[in-house]
Structure formats: C-alpha cells, structure tokens
Amino acid sequence: MGNPNILDDVFENFVNGVKLFKDREVLRHDYLPDKLPHRESQIRLLGCAVAPVLKDARCSNIFIYGKTGTGKTAVTKYVLSHLEAKAKEYGASVRFCYVNCRMTGTEYRIFANLSQSVGLMIPFTGLSVGEVFDRFRAGLDATKTLFIVVLDEVDALIKDRGDGLLYELTRINETLHKSRVSLIGISNDLRLKEFLDPRVFSSLSEEEMIFRPYDASELRNILHERSKLSFNEGSLSEAALNVCSALAAAEHGDARRALDLLRVAGEVAERQGAQIVTEDHVKEAERNIEHNRVVEALKNLTLHSKLVLLSVYHLNKSSVTTGEIYDVYDKICSELGAGLLTQRRLGTLVNELDVMGLLNAKVVSMGRYGRTKKIRLEIPRTLIKEVFGSDDRIGLLVGGTQTFLSRNSS
DNA sequence: CGTCCACAGGAATGACGGGCGG
DNA sequence: CCGCCCGTCATTCCTGTGGACG
C-alpha cells in the first residue's frame, strides 16, 4: 500500500483547483464549430457548387487543395451538413459519404465504406475489389439518390495505390440509371495533378478550390473564438494566445497545430495548478507535443524498424550509410536470435523512418566509392534510451537480453 | 571521358493470417 | 469445410545512376 496522501493531493487539486477549461473538446481538431472565421468565401463557393443537388441535379466534381490545418475538411463538413439539413427541408434525395483515404487505407475499404453508407453490409475482407464496386453501384442505383462522395486526403491514396479508384468513380455515372454521383476530392498536396491520369484529373476538377494558409492574425482570431468556448474567462493570457498563433503561423499556418498547442498548454498549466495559461505554458506544450509524437512513434515501430534505429544509434556517428547499418543490424539480429531481413528490405524501412522524421536519409553519390544513402538520427539519442531501455541497458542489449525482446512484444 | 562502386528502388512473386460465400 | 480473395510483409531479381578515380 502506498501513501494515500500522494493521490489525495492529485485528486484534490483536480476537483478543487482552479478550473481553466470550460470544455476542452472544443479544442480538438475534429470538433466542428458553428462558425468558421476567415473561410466565409470558401464556404459560399463550395455552397454554390453543391447547391444544384437541392433541385435534383448532379453537382460538379470538386477538387479542394490546401495544406494541413487550412480548414478544408471543416469547411466541407460544414457545408455538407447544412446541405443535408436543407435537402430534408426540400425533400431532395441527397446523401453524402465522407471517407478519409489515409485512414481507410485501401480501395477495398473505401468501396466498403461507400457501400455501407448506401445501406449495404460489406464484409471487411473476402470479396474482390471489383465485386464490392459492383455491389456498391447496384446498391446505389436502387436507391435513386444524388450521392456526394468526399475523399479526404486523397493524395495519400493516389501516391501508393494509383488512381484506379478515382477512375472508376469518375466513370460510374455512365452506368447508373437512377442515381448520380458527385465527387469532392480533398488533397494536402498541391501538386497532385502530376500523379493523376489527365483524363481523371480533368473530370475530377470540374471545379477547383484552393485554401490558403491562415496568417498569424487569422489564427489568432480562430483561437480567440474557440477559447471563448473552451476556457473559463480570465484563464488564458493574451500572450499565450499570441504565441500559439505565431508558432502555428510559422509552420505553414496550420490551425490544427495552433489548437493543439492551445489545448496542451492549458493542460500543462492545469497540471501545474496555475491560475492562468501563460506564454511559458505554450512553449512547454510545444516541447511536449514533439516529445510525445516521437515517443509514440518509437513505441509503435515493428521489431525490425526498432533494430534499424538501434543500429544507427550504435554506430554513433553523425552520418552513416546503408551498408554500415546493415552490418550492425546483422550483428544485432544474430545476437538476439531474430530473423534477418534483406538489405533491400532494410532500405525501405529506412525510408519509412525517414518519412516519420525519426531518421534523415539522403541519397548521395561518393563517386568512385559508390552511391548510397547518408543517414542521420533525427531525434535526440537520449530519447532512444528512454524508450528502448534505460542507460547502459542498451549496451547490453546487443549482447541479447531478455528485457529487450519482452519490451518489444507489447 | 569512360569505368565502376555501392547502393537505390521498381517489378514480380510468395507466404501468411483473416474472412467470406457456397 | 473448401476455394478464393484480401492486405501485409518480405524476398528475389533486376536495371539505373552520380560522380571520383584512373
């Protein structure tokens, strides 16, 4: 039994301490506010584009570009939810389905998702993609609706799956009799058209919208609006608000990031029992967010990705090559009794770690001495220790300790 | 100026566990 | 229960290549 006073203190503080938050849900980025400052014109534009469905006409396909946190998803959801309400009022048969392509992952699951929203049950595996598509088309045509498909983060899908799904969807109206489909594609990558078949691209972007990043003062307004709902009066300092806006503006005007900062800053302040959220809490929050991001990423790596990272760690040089990593990795594997992957495979693992920002990999040519990747650790060495084992344990780890394997199994 | 290193990274293929329809 | 198809991870085989060296 521990000392009950320790917890008493914590709970006491939580219940009776100063409450900074009124409702922290408001600061989550999936929260949809009923007002989207600085996006009025985009809302109007998108509204105009989809309005025809209220008169039972198919609306144009729409393509929306913009970096993360510029309000693309929020505006789309906002407009569509209002459209849905209006459609009910007018008795128009309109339905929409929102799919996040990055989360949903594969064509199969996307079609399964679309099918579900026209009331079809699709097993989450077992059928061919073509079969699911046919069922979706048949199911949709039976219902006689104007169906709006929102494909969020569609760039993620196209980059690793190609544009087959989009091609099918842009052509689906040719084989539908009673229903019609409109597409809204949302992309974070402004150069998406380079990856697309020109025919697909042209039919997909009958209308195009671009979301510019927010600047610092716009972010400030957004945060201000939200903070009125999420924080109790007087518990958020002007300075904190400004720093949040400035930090997020520096990072391509990402409102999502700004909201995260504000929320975490509030949590930090609350934990410290502060009366008011200050600038320092925001800075602390910034460090926390990054720290958590990396720790989460590290913990969720597969065994071999961890081993690759450890190999880089052990080499302990400012920059290493693929071959060097492979040698060390080879040694670690045999000492751990773990199966060995090929160098080809290791190369793609390194690339994955690069994308995650844990490593930095750059192809360089060393002329006579070949062509390889220069790889650097992108995170503090101390963090690797923190996650993979404490202090000198790592040294032993190469000797093959049990602790290491069990650490990986969870 | 060609060679040739030490890989990069694409394509095809296979093993595997999950899950269906019949 | 079988046969089929799914996505994922991994292997095998392969062609491509920037630039220092000779």
Side-chain angles (χ1 to χ4, degrees), chain A residues 99-116 118-139 151 153-154 156-166 168-169 194-197 297-312 315 317-334 336-356 358-378 405 408-409:
Chain A
V99 186
N100 184 308
C101 299
R102 197 167 49 82
M103 307 298 248
T104 310
T106 67
E107 296 182 19
Y108 183 94
R109 293 210 278 263
I110 291 172
F111 280 134
N113 220 314
L114 296 180
S115 303
Q116 267 172 34
V118 295
L120 251 56
M121 279 311 293
I122 297 289
F124 68 81
T125 180
L127 270 50
S128 78
V129 175
E131 171 68 19
V132 179
F133 180 70
D134 287 344
R135 289 192 193 189
F136 163 64
R137 191 175 51 204
L151 299 172
E153 305 199 51
V154 68
L157 180 80
I158 288 161
K159 276 178 198 160
D160 57 60
R161 306 272 158 176
D163 53 12
L165 177 135
L166 285 180
E168 296 288 351
L169 279 177
E194 292 167 22
F195 299 94
L196 281 176
D197 183 320
L298 287 178
K299 279 200 285 198
N300 293 325
L301 292 177
T302 59
L303 173 64
H304 287 282
S305 293
K306 286 178 183 173
L307 295 182
V308 170
L309 214 53
L310 275 174
S311 305
V312 181
L315 279 159
K317 288 200 286 182
S318 60
S319 130
V320 297
T321 66
T322 308
E324 288 172 316
I325 294 179
Y326 194 71
D327 288 343
V328 177
Y329 163 80
D330 187 349
K331 222 186 303 174
I332 296 179
C333 276
S334 64
L336 279 173
L340 185 70
L341 300 183
T342 51
Q343 184 163 328
R344 175 68 187 86
R345 181 69 186 135
L346 185 135
T348 59
L349 290 183
V350 167
N351 285 342
E352 285 170 23
L353 292 169
D354 180 29
V355 171
M356 282 187 261
L358 301 178
L359 292 179
N360 178 293
K362 213 169 119 196
V363 282
V364 291
S365 175
M366 300 180 303
R368 188 73 260 269
Y369 307 104
R371 195 162 167 272
T372 181
K373 269 198 283 243
K374 285 275 185 205
I375 297 144
R376 250 186 314 117
L377 208 52
E378 272 290 81
L405 283 177
N408 274 292
S409 62

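Letters A, B, ... are given to chains in the order of the sequence lines, protein chains preceding strands, and every chain is numbered from 1. Quick caveat, the model's predicted, so the values are computed rather than measured.
Rounded to an integer number of Å, the gap from Lys362(A) NZ to dA6(B) C1' is 18 Å. Atom CZ in Arg135(A) sits roughly 11 Å away from atom P in dC20(B) (whole-Å rounding). Rounded to whole Å, atom C1' of dC9(C) lies 10 Å from atom CG of Leu349(A). Note: CG (Leu303(A)) to P (dA10(C)) measures 9 Å, nearest angstrom. Atom CD1 in Ile325(A) sits roughly 9 Å away from atom P in dA8(B) (whole-Å rounding). The distance from atom CZ of Phe133(A) to atom P of dC6(C) is 15 Å, rounded to the nearest whole Å. Rounded to whole angstrom, the span from the CG atom of Asn351(A) across to the P atom of dC7(B) amounts to 14 Å. For the pair Gln343(A) CD and dA6(B) C1', the computed distance is 8 Å after rounding to whole Å.
Stretches of at least 3 consecutive Watson-Crick or G-U wobble pairs, with each checked distance under 3.5 Å, appear in DNA chain C as B:1-22 with C:1-22.
Counting non-hydrogen atoms under 4.0 angstrom, Gly347(A) reaches nothing in the nucleic acid. Contact annotation for Leu340(A): backbone-only contact, meaning every heavy-atom pair under 4.0 Å involves sugar-phosphate atoms and none involves a base.
Take Arg376(A) and apply the salt bridge (Lys or Arg N to Asp or Glu O under 4.0 Å) test, not counting sequence neighbours, and it matches Glu378(A). Contacts of Glu324(A) classified as salt bridge (Lys or Arg N to Asp or Glu O under 4.0 Å), with partners at least two apart in sequence or in another chain: Lys317(A). Legend: residues meeting side-chain hydrogen bond (donor to acceptor under 3.5 Å, both in side chains) with Thr342(A), ordered by chain and number and at least two apart, are absent. For Asp330(A), there are no side-chain hydrogen bond (donor to acceptor under 3.5 Å, both in side chains) partners, not counting sequence neighbours. The side-chain hydrogen bond (donor to acceptor under 3.5 Å, both in side chains) search around Asn360(A) returns none, not counting sequence neighbours. Residues passing the side chain to side chain contact (heavy atoms under 4.5 Å, CB included) test with Thr322(A) are Gln343(A), Leu346(A), Thr372(A), Lys373(A), Ile375(A), sequence neighbours excluded. Here Arg371(A) pairs with nothing under the salt bridge (Lys or Arg N to Asp or Glu O under 4.0 Å) rule; sequence neighbours left out.
Looking at heavy atoms from C-beta onward, Tyr329(A) lies in side-chain contact with Leu341(A) at the 4.5 angstrom threshold.
Side chain of Ser311(A) to backbone of Leu307(A): a donor-acceptor contact under 3.5 angstrom is found.
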Contact letters for nucleotides 13-22 of chain C, in which S counts primed atoms plus P, OP1 and OP2 and B counts the base, heavy atoms under 4.0 Å: ---BBBBBS-
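OP1 or OP2 of dG9(B) has at least one side-chain nitrogen or oxygen of Lys373(A) nearer than 4.0 Å. OP1 or OP2 of dT11(C) lies within a sub-4.0 Å distance of a side-chain N or O belonging to Thr342(A).
Comparing dC7(B), dG9(B), dT11(C) against the side chain of Thr321(A) picks out dC7(B) as the nearest.
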